[in-house]
Amino acid sequence: MSSLAKCCPIACRIWNSTIGRKYLVALTGVVLTLFLLGHLVGNLVIYLGRESFNDYAEFLHSMLHGGGVWIARVVLLTCLVVHVAATISLTRQNRAARQNYECQATIQAKKSSLIMIWSGLTILAFVIFHILHFTVRVSYPAEKFVDPLHKQLTGEERFDAWGMVVAGFSNPLTVVFYIIAMSLLCSHLSHGVQAMFQTLGLRSRKTAGFLDKLSVGYAALIWIGFVSIPVSILVFGFGK
Ligand code: HEM
């Protein structure tokens, strides 16, 4: 018996059943989908100006004495790892099952699961880039990005997250990369939210039409909100 099976037999039983892994993909998908909405609402504070956005960034880092952001990171990372691992495992299993049974319906299913897996892996690459860009801040040293008004008013130095985002999205290559990544993210999201309702047993003949529209509408809202920021900065000169 593996050590995981010994210390956590329930987790092992869930992982070893196909429906268990499907539920894990759906439930972690719910958390990641809600994170996107929260992150979008927070990012839209940028339109309220430098001080509001920097207050918001400062709040994120200071809530629960600095522990809040770490709790969120651990939860998100766990959800991301479980979501990706369970999806890859289910895709492999489906592929093996289909090897001797190829018909039009399975070719179609194979295509959409391939699209989901490739858009998912691109999103993963984007998230790694994004964390290096705005969380690790490889190109934005704290000494160069100091909130000027805050220093003037309080005498204290704090990081100018607003200035960093404006500087980041003043580069056309970065903006194109973000728009491509967010388009893939939203295509993944609209399929993923539909599949999530299906797995959680909420999709019936009656609700299918409504839930499909809701998934597409949600993905479109997330896309418009996120894309509006780099476009406002680069194309309309917001923040300059
Ligand atoms: C216009 C689009 C976006 C902007 C302006 C933006 C902005 C930011 C900023 C400023 C941070 C750093 C927060 C801090 O540490 O103070 C951050 C972190 C993060 N963002 Fe975004 N973001 C955008 C899109 C996205 C998207 C589409 C995703 C998900 C696919 C995402 C996922 C994350 C994650 C996981 C973190 C790391 C949180 C952490 O560990 O600190 N972001 N974002």
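Start at 1 with the first residue, then count along the sequence. In listed order, ligands and their atoms are each counted from 1. Quantities reported herein were computed from a predicted structural model and do not represent experimental measurements.
Less than 4.0 angstrom separates some heavy atom of Pro230 from each of these atoms of ligand 1: 1 (C). Atoms of ligand 1 found under 4.0 Å from any heavy atom of Arg73, numbered from 1 in the order shown, are 39 (C), 40 (O), 41 (O). Atoms of ligand 1 lying under 4.0 Å from any heavy atom of Leu185, numbered from 1 in the order shown and given with element: 27 (C). Atoms of ligand 1 lying under 4.0 Å from any heavy atom of Val127, numbered from 1 in the order shown and given with element: 30 (C).
Taking the six-membered ring where tryptophan is involved, the planes of Phe226 and His39 are tilted, since the angle between them lies from 30° to 60°.
By the 4.0 Å N-to-carboxylate-O rule, Arg50 lies too far from Asp55 to be salt-bridged with it.
Assignment of Phe35 to the shell around ligand 1 is supported, since a heavy atom sits closer than 4.0 Å.
Between Leu185 and Trp223 there is no side-chain heavy-atom pair separated by less than 4.5 Å. Taking the side chain as every heavy atom from C-beta outward, Trp162 and Tyr56 never approach each other to under 4.5 Å.
For the residue pair Thr122/Ser119, the side-chain donor-acceptor check at 3.5 Å is not satisfied. A donor-acceptor contact under 3.5 angstrom links the side chains of Ser232 and Tyr47, judged on distance only.
For the pair Val165 and Ile46, the tightest heavy-atom approach, listed with the atom from each and the gap, is CG1-CD1, 3.5 Å.
Considering only non-hydrogen atoms, atom 5 (C) of ligand 1 lies nearest to Phe169 out of Phe226, Trp70, Phe126, Phe169.
At least one test fails for Arg203 against the ring of Phe210: distance under 6.0 Å to the centre or angle within 45° of the axis.
Among protein heavy atoms, the minimum distance from atom 29 (C) of ligand 1 is reached at Leu36 CD2, 3.6 Å. Looking at atom 16 (O) of ligand 1, its nearest protein heavy atom turns out to be His61 NE2, 2.8 Å.
The proximity of Leu60 to ligand 1, defined as any non-hydrogen pair under 4.0 Å, does not occur for either the backbone or the side chain. With a 4.0 Å heavy-atom cut-off, ligand 1 is reached by no atom of Val227. At a heavy-atom cutoff of 4.0 Å, ligand 1 is contacted by no atom of Ile46, backbone or side chain.
When distances from atom 31 (C) of ligand 1 to the protein are checked, a heavy atom turns up under 4.0 Å.
Between His133 and Phe177, the ring center distance fails the sub-6.0 Å criterion. Within the 6.0 Å centre-distance limit, the rings of Phe134 and Phe169 are counted as a close aromatic pair.
Taking distances strictly below 2.8 Å, the protein N/O/S atoms close to atom 21 (Fe) of ligand 1 are His39 NE2, His130 NE2.
At least one donor-acceptor pair under 3.5 Å links the side chain of Thr28 to the backbone N or O of Val25.
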Could you walk me through whether Leu32 and Leu80 pass the side chain to side chain contact (heavy atoms under 4.5 Å, CB included) test, one step at a time?
CA-CA 8 Å; Leu32 296 168; Leu80 192 67; 4.2 Å; yes

